[in-house]
Amino acid sequence: MRLTTYFVPTLKEIPADAQMPSHRLMLRAGMIRPLSAGIYSLLPLGWRVWRKVIEIIREEMDRIGGQEFHLPALNPRELWEETGRVAAFGDTMFHIKNRDYVLAPTHEEIITSIARGSVRSYKDMPQIWYQIQTKFRNEPRPRSGVVRGRQFTMKDSYSLDGSWEGLDESYRKHHEAYCRIYDRCGLKYFVVGASSGAMGGSGSEEFMVESDAGEDLCAFNLESGYAANIEVATSAVPPVGRLEANPPAEKFATPFAKSIDDLVEQFGIEETRCAKSLVYFADETPYLIFMCGNDQLNEAKLQSALGVSHVRPARDEELAELTGADAGSIGPINLKTPLPQIADRRIAHANGMVSGANENGFHYRNIDLDRDAAITAYHDLRMVEEGEPDPLGGRPLRVKRAIEVGHVFKLGTKYSEAMGATFLDAQGREQPIIMGSYGIGVERIVACHIEQRHDDDGIIWHPNIAPFHVQVTALKIESPLVRESSERLYTDLREAGFEVLFDDRAGLNPGFKFKDADLLGLPLNVIAGEKNLKNGNIEIKIRATGERRILPIGEAVEACAALLDELRKT
RNA sequence: CGGAGCGUAGCGCAGCCCGGUAGCGCACUACCUUGGGGUGGUAGGGGUCGCGGGUUCAAAUCCCGCCGCUCCGACCA
């Protein structure tokens with residue numbers, strides 16, 4: 001394409017609203033334009049990159065036997081009522097006003113509805129069905145450019161199997177395909193164990209790209225290979241255990257102690273001997289929860305431990321009503337209302353604990369959780385902290401922010417049971433189809449790629465997803481020598497099979513063209529300037545390294561081919 | 001949904017406190033100039049100052065309401 005006619009509106013100035021480098025560069029390079037919060041138009045250059053990524057995904061999905069579908073985004077609400085997900089999504093799902101339709105935020109329901117009509121026998125499986133399509137989610141707060149939008153492109157696939165071993169195999173295939181996809185897109189990523197959430201299922205992993213702008217936290221240790229989303233991460237932090245002496249619980253006045261730190265400071269109590277008491281509502285049932293010292297409650301763990309779809313902390317007035325005291329003075333003894341009680345494993349069966357007396361200004365010491373509390377279960381409920389020993393070998397954990405670029409998920413039979421998608425097994429018994437669901441965010445791949453590959457001047461595309469392979473830059477195209485040579489280069493490179501962007505604009509200074517070229521960030525820039533052409537030479541600049549090579553014009557095509565092969569390996 | 005900030009030309013911003021001719025840089029158009037890192041110049045075009053209401057002789061500016069956008073937090077199956 002020629003820049004004289006191709007629509008690439010680059011920006012010299014940085015758009016004020018964009019914070020992330022990838023967001024700024026996509027705007028500046030003329031790839032996208034914002035339309036509304038979390039909604040972007042893809043301009044020709046941006047769309048070329050999307051198509052490259054999509055093609056890589058398509059090839060890898062086909063390689064594992066995936067079959068491409070194209071499912072409707074407009075869905076009857078009724079279908080979503082069958083699985084209870086209209087309520088589960090709540091405001092996150094878009095509802096059409098003048099007809100009873102919703103805009104699909106994902107496609108488990110549609111897939112299951114097709115399967116229940118047409119998959120009847122174990123002989124019909126396994127199946128891997130996928131599509132690459134626009135998804136709609138009414139995100140309360142879109143952010144980070146295309147990373148969290150209300151409308152976005154997603155590759156979603158679904159596996160249908162007649163056995164749990166079959167599901168394991170479909171899951172493994174997806175895992176492998178995903179690794180190949182990210183590798184081919186030139187992304188540095190890592191895989192973490194992830195929460196299956198409230199939607200059921202037996203296992204799930206996320207593909208993560210480290211980024212300060214990420215919305216997820218991951219705990220990992222590179223040596224041991226442990227890596228998990230903070231929502232499920234555990235550590236080998238030692239349990240508190242029991243003390244020899246076990247005197248009766250004793251109330252004492254703590255008029256100025258509102259926090260664990262206050263108790264530690266004012267009464268010399270060991271932090272780990274404090275049982276922090278929290279009240280949470282789990283699907284409308286209040287629970288009293290005990291944590292060790294200053295350990296943070298991990299709400300995702302609480303949610304899955306209790307098997308509920310929603311948890312929230314009790315409000316101040318609810319606290320007073322249920323316990324008789326305010327936050328900071330709550331505990332297991334003398335509760336105003338009996339509450340179901342659970343606790344973190346770290347303080348399992350501990351004694352000698354200090355906790356609130358359910359009376360403002362008083363605490364109890366020498367609490368034996370087995371004797372004085374009514375704890376029904378101990379769960380892993382705590383948020384791991386940086387530096388804690390990892391659960392595999394006790395090496396220190398690191399906690400980093402990351403962006404989720406993919407998620408593989410063993411769904412099991414939740415949807416097939418809810419919607420009656422069954423098959424007959426070899427014994428003639430009716431069974432629910434065993435499903436998996438797997439997603440990749442296309443715009444997140446592009447954004448993360450730019451996050452990882454850019455400098456102060458612009459983007460540094462990996463050849464596999466660069467919008468074009470090579471730029472030809474004609475300096476002073478008004479000169480007949482430059483015009484003629486650059487036109488020939490443009491033609492020769494295209495005939496050799498390269499995708500070429502030709503900066504044939506007149507009246508622009510070399511500096512201006514170089515800046516634009518660096519911003520667009522194509523892997524190679526073949527520069528045709530009068531100075532070198534007079535000696536029969538051109539110059540090739542490698543975007544990634546800044547290296548420049550001067551060589552005879554006749555060798556340009558060959559050199560580009562060799563350099564691109566090199567660059568593909570990075 | 002809580003907290004903060006911002007809406008003035010395509011983009012980035014000033015003007016607002018203290019009411020009285022709507023301004024700057026970039027971009028755009030024409031011509032000249034320059035030609036290896038966003039050249040320099042001359043002359044131009046482009047704005048219901050987010051929307052609605054109010055106060056006033058007079059509102060971008062003061063008051064009320066709404067809408068939109070961004071950031072922090074909550075949420076994110």
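Here is how names work: the chains are called A, B, and so on, in the same order as the sequence lines, proteins then strands, and each is numbered from 1. Predicted model, so just to flag it, every value in this text is computed and none were measured.
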Contact class for [X] vs. all strands (heavy atom < 4.0 Å): base, sugar-phosphate, or nothing?
X      : result
A:R312 : nothing
A:L475 : base
A:N532 : base
A:T106 : base
A:E299 : sugar-phosphate

How long is the line joining [atom1] of [X] and [atom2] of [N], in whole Å?
X      : N     : atom1 : atom2 : value
A:L27  : B:G10 : CG    : P     : 17 Å
A:H23  : B:C11 : NE2   : C1'   : 14 Å
A:I477 : B:G36 : CD1   : P     : 16 Å
A:R401 : B:C76 : CZ    : P     : 15 Å

Aromatic ring proximity, centroids under 6.0 angstrom, [Y] and [X]:
X      : Y      : answer
A:H449 : A:Y182 : no
A:H174 : A:Y130 : no
A:F468 : A:Y6   : yes

B:G73 base / A:R143 side chain donor-acceptor hit below 3.5 Å: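 Side chain to base: no pair present.
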A:K12 vs B:G12: side-chain N/O to OP1/OP2 distance below 4.0 Å: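 False: A:K12 side-chain N/O out of range (4.0 Å or more) of B:G12 OP1/OP2.
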Partner of A:L519 by side-chain contact (heavy atoms from CB on, under 4.5 Å), out of A:L25, A:D457, A:L11: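 Passing option: A:L25.
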Passing candidate, side-chain contact (heavy atoms from CB on, under 4.5 Å) with A:R543, options A:L567, A:L520, A:I459, A:D518: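 It is A:D518; the other options fail the test.
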When you compare [N] with [M], how far apart are their [atom1] atoms, in angstrom units rounded to a whole number?
N     : M     : atom1 : value
B:A22 : B:G41 : P     : 28 Å
B:U21 : B:G68 : C1'   : 31 Å
B:G7  : B:G44 : C1'   : 29 Å
B:G20 : B:U56 : C1'   : 12 Å
B:A14 : B:G50 : P     : 14 Å
B:C51 : B:G40 : P     : 36 Å

N/O donor-acceptor pair under 3.5 Å between A:E386 side chain and A:V399 backbone: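 Yes; at least one donor-acceptor contact below 3.5 Å.
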RNA chain B: 5'-proximal contact among A:E539 and A:R137 (nearest heavy atom):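 Mapping each residue to its closest nucleotide by heavy atoms, the 5'-most match is A:E539.
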Counterpart residues, salt bridge (charged side-chain N to carboxylate O under 4.0 Å, His left out), relative to A:D516 (two or more places apart):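 Per chain and number, A:D516 pairs via salt bridge (charged side-chain N to carboxylate O under 4.0 Å, His left out) with A:R505.
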Can you name the atoms? Protein N/O to nucleotides 33-35 of chain B N/O, anything below 3.5 Å, with the distance.
residue, atom, partner, partner atom, Å
B:U34, O2, A:N509, OD1, 2.8

